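I have placed the structure first, in the form of structure tokens, so that the comments after it can refer back to it.
All values derive from a computational prediction rather than experimental measurement.
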Amino acid sequence: MSYRTASPDRYDLLKAFARENRNNPTLAELLLWKHIRNKLLGTRFLRQHIIGDYIVDFVSLSDGLVIEVDGAYHAEHEQMEMDEARTYALEQMGFKVIRFTNEEILYNIEQVKCKIMKNIKANEQSNLPLREGRGGSTLFDKIWDAHVVQKVQDGPTQLYIDRLYCHEVTTPQAFDTLRDKNIGVFRPEQVVAMPDHNTPSDQQERIDDPVGRKQVETLAKNCAEFGIRHFAMGTKDNGIIHVVGPEKALSLPGMTIVCGDSHTSTHGAVGAIAMGIGTSEVAQVLASQTILQSKPKTMRINIEGTLPQGTTAKDVALYIMAQMTTSGATGYAVEYAGSTVRNMSMEGRLTLSNLSIEMGSRAGLIAPDEITFAYLKDREYAPKGEAWDKAVEAWKQLYSDPEAVFDKEVTYRAEDIAPRITYGTNPGAGIAIDECIPTLDEVAEADRTQFLAMLDYMQFQPGQKLEGTPVDYCFLGACTNGRIEDFRAFASIVKGRKKAENVIAWLVPGSWMVDAQIREEGLDKVLAEAGFAIRQPGCSACLAMNDDKIPAGKYSVSTSNRNFEGRQGPGARTLLASPLTAAAAAITGVITDPREFM
């Protein structure tokens with residue numbers, strides 16, 4: 001007899017079979033599922049659900065209740081310690097954990113029922129109140145609330161996810177988790193995958209690094225096995241995932257979007273909630289198309305006025321980080337607003353949202369408008385015809401109500417923002433390009449040790465002026481500045497001029513679509529005449545995971561998003577800047593104000 005084909009009304013026969021297979025936890029789970037869940041609990045319990053780093057046997061998210069079924073082997077001392085640690089972790093996330101042994105389920109089913117019902121009654125959920133004083137809804141609230149599946153009392157929210165993006169670095173363990181638990185991908189049509197971190201930019205026939213090669217190959221195999229759309233390396237659909245998603249209209253207004261990458265915030269520029277998540281959470285979304293998240297507070301950052309000549313969205317982001325520090329938005333979802341943002345191109349908005357995580361923000365949103373709709377219209381995965389018209393009408397409702405109250409709100413003036421460059425080892429350690437590094441007197445005493453450590457790594461001095469400092473490398477690209485507008489800006493500075501002989505320049509499109517646009521517009525010829533070559537799409541020198549590494553001790557003016565120690569290579573010294581500033585350095589060989597060429 002096979003217990004897998006037994007019907008629920010043959011309980012005595014199942015018990016007899018169980019006596020011969022006492023240590024089979026699968027049997028216990030089956031019995032609980034058929035004889036308790038279906039008869040007593042209905043559909044309120046989910047089976048084999050992922051919570052944080054754990055796959056639990058059964059969970060009722062609405063009741064905040066986890067049920068674990070333990071085989072006889074759980075009596076061993078080491079396993080008991082593991083169970084205690086697991087229970088503690090789940091309780092810290094707001095769940096009540098109750099455990100049953102196989103024997104209890106098989107032979108004391110009435111007691112099991114009573115215990116479960118007692119805990120359900122004790123944990124009955126009440127509606128969570130709105131924040132005091134809130135009248136209307138913020139853009140973030142509107143999207144978040146529309147995607148709530150269930151709320152855990154005094155705990156996280158189960159949030160439905162519209163789009164999961166996967167790359168090669170943070171997904172192998174997630175797919176292994178599915179295999180280990182014999183779980184399929186719940187909604188594969190909502191998942192899009194592509195390699196980008198390890199793809200070489202000089203050629204894409206092969207990957208020489210064995211670790212990177214294995215990650216890329218593993219992603220392809222996992223996508224084939226689980227039926228996931230995969231944009232393979234070297235194909236016309238491939239590129240950096242945070243460039244490809246918006247340009248193909250895979251990211252749309254009103255969506256919830258996640259990826260195992262911190263710069264997923266980029267997609268918020270289309271009017272979506274977009275968040276980076278961990279590997280265990282990737283597995284959670286693959287298995288259930290939902291995720292457990294605590295709702296962040298809301299912050300609105302207004303930028304008002306007209307940006308001065310030579311100032312770009314990248315400079316705006318670097319300015320905000322310098323004002324707020326790299327932890328100034330921790331615990332918040334940020335909405336960017338104001339006339340400056342409304343007048344930004346879509347590429348500029350994507351750059352601004354991309355850098356939200358560098359302030360500690362959970363997400364960075366911009367309300368969709370006519371600029372958004374014009375950018376998305378007729379793109380590959382955008383709605384078409386009547387569906388497009390209906391979608392736009394719905395998207396027009398995605399804005400913060402005038403009476404909405406944010407937990408924090410700040411305003412900056414566009415005219416105060418000049419072209420910027422960083423001098424330290426975090427994105428907030430930056431200055432206007434014509435300013436000097438702060439002196440010790442200008443730095444708070446509590447921050448001086450870190451300040452001096454940054455300068456020691458970068459080999460700069462307090463009060464030093466950076467203009468005129470020789471540079472070794474210039475990098476144009478990354479999910480921050482690898483779009484067509486960025487290449488246009490770079491080309492506008494170098495046109496009719498020549499690359500400095502002392503500079504190695506890597507110009508890396510964010511996607512093959514950007515590469516095609518560069519060639520269609522003739523920018524490749526302008527750049528070639530100035531001594532620059534276009535490389536092949538990928539993350540490239542943004543991070544030291546492929547062959548594009550900056551050597552130790554060398555200065556790199558980079559349009560990427562992070563300047564941490566060793567980010568672009570062990571010992572590399574990164575100066576974050578806009579495409580205009582990178583172009584000015586590339587033709588002069590030193591840090592140069594781009595306004596000199598405008």
Side-chain angles (χ1 to χ4, degrees), residues 163-172 175 188-209 211-251 257-261 263-264 266-267 274 282 347 350 354 379-382 475-487 506-520 523-524 533-543 545-548 559-561:
R163 177 76 67 215
L164 169 63
Y165 290 111
C166 295
H167 62 72
E168 75 274 27
V169 180
T170 56
T171 56
F175 284 108
E189 69 278 4
Q190 303 301 107
V191 185
V192 178
M194 68 195 78
D196 54 10
H197 284 54
N198 289 290
T199 53
S201 69
D202 57 341
Q203 52 76 36
Q204 295 189 356
E205 302 295 323
R206 68 186 187 281
I207 298 175
D208 295 328
D209 175 60
V211 175
R213 182 171 63 250
K214 184 176 181 180
Q215 287 181 334
V216 171
E217 291 173 348
T218 299
L219 178 65
K221 291 176 183 176
N222 285 331
C223 290
E225 178 181 345
F226 288 92
I228 290 172
R229 191 180 327 170
H230 176 239
F231 297 155
M233 183 179 78
T235 64
K236 66 179 180 62
D237 295 315
N238 183 254
I240 304 173
I241 207 161
H242 304 315
V243 175
V244 172
E247 75 180 8
K248 285 185 172 293
L250 285 161
S251 300
I257 300 168
V258 294
C259 175
D261 188 276
H263 293 101
T264 307
T266 308
H267 306 260
V282 172
E347 287 87 352
L350 288 161
N354 173 271
R379 291 185 181 265
E380 187 174 355
Y381 292 95
F475 170 54
L476 172 66
C479 57
T480 313
N481 286 120
R483 298 175 182 84
I484 185 60
E485 184 178 275
D486 303 309
F487 280 80
W506 290 332
L507 279 54
V508 186
S511 70
W512 283 103
M513 182 181 292
V514 173
D515 181 85
Q517 289 176 290
I518 290 169
R519 299 177 195 285
E520 287 170 8
L523 298 179
D524 58 326
I534 305 296
R535 295 170 77 88
Q536 298 189 18
C539 291
S540 183
C542 177
L543 75 173
M545 289 191 68
N546 51 69
D547 292 338
D548 294 351
T559 67
S560 52
N561 41 54

Cys259 side chain reached by His167 side chain, heavy atoms, under 4.5 Å:
yes

Short question: side chain of Arg379, backbone of Glu247 - any donor-acceptor pair under 3.5 Å?
yes

Spacing of Arg535 atom CZ and Leu507 atom CG [to the nearest 0.5 Å]
9.5 Å

Rounded at 0.5 Å granularity, tell me how far CG in Leu250 sits from CG in Asp237.
9.5 Å

Nearest 0.5 Å, what's the OH-NZ distance between Tyr381 and Lys248?
6.0 Å

Checking the side chain of Asp486 only, and the main-chain atoms of Arg483 only, is there a donor and an acceptor separated by less than 3.5 Å?
yes

Which of these, Glu520, Gln517, Met513, sits in a side-chain contact (heavy atoms from CB on, under 4.5 Å) with Ile484?
Gln517

Would you say the side-chain atoms of Arg213 pair up with the backbone N or O of Ile207, donor to acceptor, closer than 3.5 Å?
yes

Tell me, do Cys539 and Asp196 make a side-chain contact under 4.5 Å, heavy atoms counted?
yes

Min side-chain heavy-atom separation Gln204-Pro537 under 4.5 Å:
yes

State the CD-CG distance between Gln203 and Asp547, to the nearest 0.5 angstrom.
8.0 Å

Closest heavy-atom pair, Gly227 versus Pro188, reported as atoms and distance to 0.1 Å, is O-CB, 3.4 Å

Checking the side chain of Arg229 only, and the main-chain atoms of Glu189 only, is there a donor and an acceptor separated by less than 3.5 Å?
yes

Side chains of Phe475 and Ser540, heavy atoms from C-beta outward: is any pair under 4.5 Å?
yes

Side-chain contact test, heavy atoms from C-beta onward, threshold under 4.5 Å: evaluate it for Ile257 versus Thr264 and give yes or no.
yes

Expected output: side-chain Glu168 to main-chain Asn198 donor-acceptor under 3.5 Å
yes

Decide yes or no for Asp261 and Thr170: does some side-chain heavy atom of the first lie under 4.5 Å from some side-chain heavy atom of the second?
no

In terms of relative ring orientation, are His267 and His242 parallel, tilted or perpendicular, with 30° and 60° separating the classes?
perpendicular

Does Phe231 offer a backbone N or O that forms a donor-acceptor pair with the side chain of Thr235 under 3.5 Å?
no

CG of Asp515 to CD of Gln536: how many Å apart, nearest 0.5 Å?
8.0 Å

In terms of heavy-atom contacts, Pro172 and Asn222 come closest through CA-ND2, 4.3 Å

With a 6.0 Å cut-off (strictly less than), is the heavy-atom count around CD of Glu205, excluding the residue itself, greater than 12?
no

Scanning both residues in full, the closest heavy-atom pair of Gly245 with Tyr165 reads CA-OH, 3.4 Å

Side chain proximity check, Leu350 to Pro246, heavy atoms < 4.5 angstrom
yes

d(Trp512 CH2, Ile518 CD1) to nearest 0.5 Å is 10.5 Å

Which atom of Cys166 lies closest to which atom of Ile241, heavy atoms considered:
O-CD1, 3.3 Å

Under a 4.5 Å cut-off applied to non-hydrogen side-chain atoms, are Met233 and Pro200 in contact?
yes

Asn561 to Cys479 - nearest heavy-atom pair and separation
ND2-SG, 3.7 Å

Indicate yes or no for a side-chain donor-acceptor contact from Asn546 to the backbone of His197 under 3.5 Å, with no hydrogens or angles considered.
yes

Closest heavy-atom pair, Pro195 versus Asn238, reported as atoms and distance to 0.1 Å, is O-ND2, 3.1 Å

